[in-house]
Amino acid sequence: MKISIIIPILNEAETISRLISHLIRSCDTKENIKEIIIVDGGSDDDSRDIVNTIIKNESTLIRLLTSKKGRAKQLNTGGNAAKGDILYFLHADSFPPQGFDNDIITEVKKGNNAGCFRMKFDSNHWWLRFLGWLTQFKSKRCRGGDQSQFITSTLFQQIEGYDESFIVYEDNDLVDRLFAIKQFVIIPKYVITSARRYEEIGVWRLQYHFLNIHMRKWMGASSEDLYRYYKEKVVNL
């Protein structure tokens, strides 16, 4: 049983080398990793050059794919191209725990075909620590892409992957569908993820808009409505 790690990127020159190095160092058994797939959505920094340099110097199979911009599109591109039995979707600024490979494989062998880790931000801000604390609870309201996502390739194809109509909220939509079929487990170890967006925009301002997006979705807003709000209130802040 082997894992394909899939990482969507867009201008991640500052983080992608460190993440790939971390993944190789942190897996218990390199043989568990079928490949690391980087899916670029149109970077105009040095991201692609950095990945290509790593590919030349690493024994672990690393593939660089291109896709249309949009995390759901990039995730599906990687997921559909992957050759592993298990797909592990990871943000470029999220770092999984030591032994993440055996943790994931162990859960799949138990019959848990999808799930995530708990999450902590790399920040001591009390609210961000609180958000990390919430990720221990098995509620779909406490989930997010920063916690990473594993799913067997078979189940990924059965549920037809990520819904590409979502420009934002694509991770939560996938989790909603997995909860609906009772296929979700939370591994009690922590992914460490960057608080850089909160630091750039402001913790309270960004949290307000994220909560607003969730509320709008719960009240029936379309994927287009969510993206329009995100683009107006978050991206252009």
Side-chain angles (χ1 to χ4, degrees), residues 3 5-10 12 14-16 18-23 25-28 71 75 86-107 112 114-151 162 166 168-179 183-218 226 230 233-235 237:
I3 301 171
I5 303 171
I6 299 155
I7 307 166
I9 65 169
L10 182 66
E12 293 290 356
E14 293 185 7
T15 64
I16 193 59
R18 185 161 63 96
L19 176 58
I20 293 173
S21 176
H22 174 86
L23 292 170
R25 292 195 320 269
S26 298
C27 65
D28 278 344
R71 186 170 283 155
L75 293 168
I86 304 168
L87 311 180
Y88 182 42
F89 297 101
L90 187 66
H91 288 187
D93 60 356
S94 295
F95 294 76
Q98 180 68 42
F100 68 90
D101 53 325
N102 278 330
D103 293 328
I104 291 171
I105 290 172
T106 296
E107 291 301 330
N112 296 317
C116 69
F117 287 92
R118 298 177 185 177
M119 182 274 293
K120 291 180 181 178
F121 285 106
D122 60 352
S123 168
N124 287 321
H125 191 287
W126 73 268
W127 179 254
L128 298 185
R129 292 203 310 271
F130 174 68
L131 292 180
W133 178 78
L134 289 175
T135 64
Q136 68 185 291
F137 298 108
K138 192 173 181 179
S139 166
K140 62 183 180 181
R141 304 307 178 202
C142 300
R143 307 276 69 85
D146 288 334
Q147 297 166 47
S148 68
Q149 171 73 59
F150 75 85
I151 182 170
Y162 289 88
F166 286 95
V168 296
Y169 205 85
E170 75 289 334
D171 297 305
N172 301 85
D173 170 73
L174 184 75
V175 170
D176 286 349
R177 287 184 281 135
L178 291 171
F179 264 79
Q183 281 288 352
F184 206 89
V185 67
I186 302 163
I187 300 174
K189 289 186 179 179
Y190 289 90
V191 168
I192 307 299
T193 195
S194 173
R196 58 183 176 173
R197 182 56 68 88
Y198 284 95
E199 292 167 353
E200 290 168 2
I201 295 176
V203 170
W204 301 118
R205 182 179 292 184
L206 184 59
Q207 191 61 52
Y208 169 79
H209 290 304
F210 279 164
L211 288 173
N212 210 324
I213 287 171
H214 282 284
M215 287 297 297
R216 286 166 182 259
K217 178 63 172 63
W218 298 340
L226 297 179
Y230 179 82
K233 301 296 186 180
V234 179
V235 176
L237 281 172

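For the residue pair P96 and L23, the shortest heavy atom distance occurs at CG-CD2, 3.5 Å. Closest approach of S94 to T193, counting heavy atoms only: OG-OG1, 2.7 Å. In this structure, Q98 and S26 approach most closely via the heavy-atom pair NE2-O, 3.1 Å. Shown here for L75 and I6, the closest heavy-atom pair between the two residues is O-CG2, 4.3 Å. Contact record, Q149 with A114: NE2-CB, 4.1 Å, taken as the closest heavy-atom pair.
Of the possible polar contacts, one joining the D122 side chain to the A195 backbone as a donor-acceptor pair under 3.5 Å is found. Checked by atom type and distance alone, the side chain of K138 pairs as donor or acceptor with a backbone atom of F184 at under 3.5 Å.
To the nearest 0.5 Å, atoms OG (S148) and CG (D171) are separated by 10.0 Å. The distance from the CG atom of D103 to the CG atom of D101 is 7.5 Å, given to the nearest 0.5 Å. Separating the CD atom in E107 from the SG atom in C116 is a distance of 10.5 Å, to the nearest 0.5 Å. The structure places CD of E12 at 10.0 Å from NE2 of H91, a figure rounded to the nearest 0.5 Å. Put simply, CZ on F95 and OG1 on T15 are 6.0 Å apart, with the number rounded to the nearest 0.5 Å. In this structure, the separation between CD1 on I5 and CG on L87 is 11.0 Å, given to the nearest 0.5 Å.
Ring geometry for F130 versus W127: interplanar angle of 30 to 60°, hence tilted. Using cut-offs of 30° and 60° on the angle between ring planes, the pair Y162 and F89 is perpendicular. Ring-plane geometry between F100 and Y88 is classed as parallel, the angle between the planes falling under 30 degrees on a 0 to 90 degree scale with a further cut at 60.
When the shell of 6.0 Å around CD of E14 is examined, it contains 12 or fewer heavy atoms from other residues, nucleotides or ligands.
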Note to self: Test side chain to side chain contact (heavy atoms under 4.5 Å, CB included) on L90 and L19; report intermediate values, then the result.
What the structure shows: CA-CA 10 Å; L90 187 66; L19 176 58; 3.9 Å; yes
Note to self: side chain to side chain contact (heavy atoms under 4.5 Å, CB included), that's the test. Do K120 and L128 meet it? Break it down for me.
What the structure shows: CA-CA 8 Å; K120 291 180 181 178; L128 298 185; over 6 Å; no
Note to self: Could you go through I186 and Q136, starting from their C-alpha distance and side-chain angles, then the distance that decides it, and tell me whether this counts as side chain to side chain contact (heavy atoms under 4.5 Å, CB included)?
What the structure shows: CA-CA 7 Å; I186 302 163; Q136 68 185 291; over 6 Å; no
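For the pair Q147/F117, no side-chain contact is recorded, criterion being any heavy-atom separation below 4.5 Å from C-beta on. Side-chain contact check for V191 versus T135: every heavy-atom pair is 4.5 Å or farther apart. Contact check for S123 versus Y198: no side-chain heavy atoms found under the 4.5 Å cut-off.
Exactly one residue among R197, R196, R18 makes a side chain to side chain donor-acceptor pair (under 3.5 Å) with D93. That residue is R196.
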